[in-house]
Amino acid sequence: MENEAGALSRVAGLFSARGYNIESLTVAPTEDPSLSRMTLVTRGTDEIIEQITKQLNKLIDVVKLMDMTEGPHIEREMMLVKVQAQGERRNELKRISDIFRGRIIDVTDETYTIELTGAGDKLDAFLQALDKGVIIEVVRSGVSGIARGDRSLVL
Amino acid sequence: MELTGAEIFVRSLKEEGVDYIFGYPGGAVLHIYDALYQQQDVQHILVRHEQAATHAADGYARSTGKPGVVIVTSGPGATNAVTGIATAFMDSIPLVVFTGQVPTHLIGNDAFQEADNIGITRPCVKHNFLVKDVTRLAETIKKAFYVATTGRPGPVVVDIPKDITAEKAEFRYPDKVSMRSYNPVHIGHAGQIKRAVKLMRGARRPILYTGGGVILGNASEPLTELARIMNFPVTNTLMGLGAYPATDPLFVGMLGMHGTYEANMAMHHCDVLVAVGARFDDRVTGHIEKFCPNAKIIHIDIDPASISKNVKVDVPIVGCVGNVLRVMLDEIKSNDVRSDAAALKDWWQQIDEWRSKDCLKYDRDSDTIKPQFVLETLYRLTKGEAFVTSDVGQHQMWAAQFYKFDKPRRWINSGGLGTMGFGLPAAMGVQFAHPDATVACVTGEGSIQMCIQELSTCTQYSLPIKIINLNNGYLGMVRQWQEFFYQKRYAMSYMESLPDFVKLAESYGHVGMQITRTGDVEGALIEMLKLKDRLVFMDFLTDREENVYPMIPAGGGQNEMILV
């Protein structure tokens, strides 16, 4: 979509005005600074998805749109988790983080901050693997998506 | 030579061929008003409330096909305009609305008369622009007109901060617009058109269901030719009235909640439905599960999002309805396609049987004025040639039922949003565009009071509008629903202190008449039409509890009508 002020609120406004639900939304400028790329996750019947697609295409700021789920595609989400890491817990947390291919990116005497990338269910699984009590803070990025193979969303 | 933003604004309007701009001045647009003052190409029309500016521009647009243009100041000027913008949006009317904005450095500062015009109008515009750089003002105005008038038309807002109108830039008006993210479709898919023709050829009980898109797309001619070649019945939506001549024998009347029995029954029983520039609105379909149960549906529309939105269609065709219908006609003519004459003979026999119910009958012997009689007489006396605007409610439905529009762009009403207060200001826009035409505003004592201040504008510009006020002392449509569905508990549908409309009209310098008996209706209307250069306010005291029939109650199917 056009990298213009207000483009994002047009998309968000369309979803709230028409009663659709945004599960997650990720947006950032692309290598062409006049364009932004947005990955938006929503849910609905085929008819609703068709209507959402058409309504989004009608927005003047939307340049090109692709339903990732129409073909094989990759979804990635990034998560930062701050956990209580004291005493013998520190080793245990390091081990779990390694199993999930997480990286500890900040350390204090009492905490670790772990970075984890993957599909949403992997991130969910990681959170479940942690003791509830140790989690101080979780921040997730929302999904970024790209099609597998030759299929691509470019101008 | 460098011009100020305000001068660029005026020059851009001239480039766009704008003859009228409807508006109201205020602090943020003073530079622009100063520039307007110093030229003669664009005439500014001063309304009495910004809502009326948008409705007047809207009436101008609907009656001409050209975009309506509005200017209002920041803050309350813009918020007052919102109802008119939303009205145009729902009916896909091309408007370009310029809103003043506080100077750039004060935006977001809760400055005096500041409102987030872009944010407030976003859900009811086709697109909006905030101009942040005077060098881009001309280009933005060009884009605004382009977006408003192409594809599925609609209102576009251009928000201009005050400092931009004072800053200077070289004026160069672009010849063309290109927007990578906006490329409206024109031509329909050839294969789909062939499929549609095939379906139509085999149809045994076909009907053409045509809407406002035919008028917006100037497609009345090919539609009429198609209907006649195929001998198919035609029904129009409220927005489509005039798209097909109402006095033609193939016309079965308006459809929907207050449509004719024959139109709704033909819809319910059809086997092939050809929808042209119509959007399957809930007031048309009735209960969606019961809609056209046996029909294959062809849908021609310029907006892909309108197709299969409410009703799944079998043959979608995206494109300008005029283009698509012409290609369809070529296909029919070059292959000598004929419709099924024997089947159509039976179908027409069935339709004529439904017609014989005479679903629009009313008591013609009543001494109390029947609103239907007023409109029938207006139709007869104006020979169907008047431009008729309306407000919203019972009078709107009666006008739609009893004034037979043979030409497009003669029937001007707020269909989608249903905006009371629309009729009088819209009539002003129509009268400016057609100074010699008879322009009648059909209204009620509820609706007219929502923009009655415009009687003053009509005085200032000597607009000879004929106001047909069907005064029953009730908010009639609300009262009708309360009678049918709330055991006659008439909650707040009655106003106790109506003004003396005759004196009110006179106080503005107009002519007022009050008519209380059926026997006086025709004579009064004749007198009204003789007063060619005066606004005449006709206050008809009508039957207080007359209802609009037929009616499909909410949740009903098209075959489940309440008849008189």
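On a predicted model such as this, the values are computed, not experimentally measured, just so you know. Values below: all heavy atoms of this structure, side chains included; hydrogens, waters and symmetry mates excluded. Sequence lines set the chain letters: A, B, ... in the order given, protein chains first and strands last, and positions in each chain run from 1.
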> Between B/Lys126 and B/Tyr182, do the side chains contain a donor N or O and an acceptor N or O under 3.5 Å apart?
yes

> May I ask you to check whether B/Asp163 and B/Thr104 show a side-chain donor-acceptor distance below 3.5 Å?
yes

> Please flag which part of A/Leu14 lies under 4.5 Å from any non-hydrogen atom of chain B: side chain, backbone, both or neither.
neither

> Quick one: which of A/Arg89, A/Arg95, A/Arg90 gives a side chain to side chain donor-acceptor pair (under 3.5 Å) with A/Glu92?
A/Arg95

> Would you please classify the geometry between the B/Phe98 ring and the B/Phe145 ring as parallel, tilted or perpendicular, with 30° and 60° separating the classes?
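Tilted, since the angle between the ring planes falls between 30° and 60°.
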
> Given a strict heavy-atom distance threshold of 4.5 Å, which part of B/Asn128 is in contact with chain A: side chain, backbone, both, or neither?
both

> Select, from A/Ser16, A/Ser9, A/Ala17, the one with the greatest count of heavy-atom pairs under 4.5 Å involving chain B.
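Between A/Ser16, A/Ser9, A/Ala17, the count favours A/Ser9.
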
> Just do the salt bridge (charged side-chain N to carboxylate O under 4.0 Å, His left out) check on B/Arg279 and B/Asp301 with the steps written out, would you?
CA-CA 8 Å; B/Arg279 61 185 177 90; B/Asp301 205 287; over 6 Å; no

> Looking at A/Met1, A/Glu2, A/Lys64, which has the largest count of heavy-atom pairs under 4.5 Å with chain B?
A/Glu2

> Which region of B/Leu130, side chain (C-beta onward) or backbone (N, CA, C, O), has a non-hydrogen atom less than 4.5 Å from a non-hydrogen atom of chain A, or is it both or neither?
neither

